[in-house]
Amino acid sequence: MWNFIEQYPYLDSLFAPDSRFWYYNQVVVWRKQHDQLTGETNVAQLDRKAELLRFDIVLVLFNEHNLKVFDQGFSQDALRAFGGH
């Protein structure tokens, strides 16, 4: 994934300008403006419901190696944000 984020020159044009990459559902590591992250970078401090409602599509990427921890609690956190258990 890091190659995709750090080295793919067209990534910025493929996603909306306010898109973000949450590294392992813990920290915001992309999108940088002038090589600096702006705003809160600790995912736990974000208003998850508001963040998820900002977009039509939320893309969760994991590979075979990471399936043992699946989505690092993203699904459970999202469910809780919308009032689920």
Side-chain angles (χ1 to χ4, degrees):
M1 190 65 204
W2 281 113
N3 284 340
F4 194 60
I5 290 173
E6 296 292 331
Q7 298 175 8
Y8 189 66
Y10 307 106
L11 190 62
D12 287 332
S13 65
L14 295 176
F15 294 96
D18 57 346
S19 295
R20 300 289 181 267
F21 177 70
W22 295 4
Y23 182 70
Y24 287 106
N25 197 35
Q26 301 294 314
V27 62
V28 178
V29 296
W30 180 80
R31 172 175 302 248
K32 295 180 180 179
Q33 296 176 355
H34 308 292
D35 291 326
Q36 297 292 317
L37 288 169
T38 58
E40 180 61 58
T41 59
N42 182 346
V43 172
Q45 299 299 315
L46 298 174
D47 178 345
R48 290 176 189 263
K49 184 175 181 179
E51 290 292 316
L52 294 172
L53 288 173
R54 289 183 330 132
F55 300 100
D56 294 330
I57 297 172
V58 174
L59 183 63
V60 179
L61 299 172
F62 275 82
N63 61 33
E64 183 179 343
H65 177 76
N66 299 40
L67 287 179
K68 63 185 173 214
V69 291
F70 184 54
D71 65 358
Q72 295 286 328
F74 176 82
S75 299
Q76 188 175 22
D77 293 340
L79 185 61
R80 258 190 250 119
F82 287 92
H85 296 81

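Remember, it's a predicted structure, so these values are computed and weren't measured experimentally.
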Could I get the full list of salt bridge (charged side-chain N to carboxylate O under 4.0 Å, His left out) partners for D77, not counting sequence neighbours? R48, R80
Would W22 and V60 count as a side-chain contact (heavy atoms from CB on, under 4.5 Å) here? Give the steps. CA-CA 9 Å; W22 295 4; V60 179; over 6 Å; no
Side chain to side chain contact (heavy atoms under 4.5 Å, CB included) partners of Q72, counting only residues at least two apart: Y24, N25, F62, V69
Evaluate the criterion side-chain contact (heavy atoms from CB on, under 4.5 Å) for residue pair L52 and F74; output intermediate values, then yes/no. CA-CA 11 Å; L52 294 172; F74 176 82; 3.7 Å; yes
Do F82 and V43 share a hydrophobic cluster (ILVMFWY, side-chain heavy atoms under 4.5 Å, transitive)? yes
Show every salt bridge (Lys or Arg N to Asp or Glu O under 4.0 Å) that has at least one partner inside residues 56-74, sequence neighbours left out. none
Could you list the residues that satisfy side chain to side chain contact (heavy atoms under 4.5 Å, CB included) with D47, not counting sequence neighbours? K49, A50
Non-neighbouring partners of F55 that pass side chain to side chain contact (heavy atoms under 4.5 Å, CB included), sequence neighbours left out: D18, S19
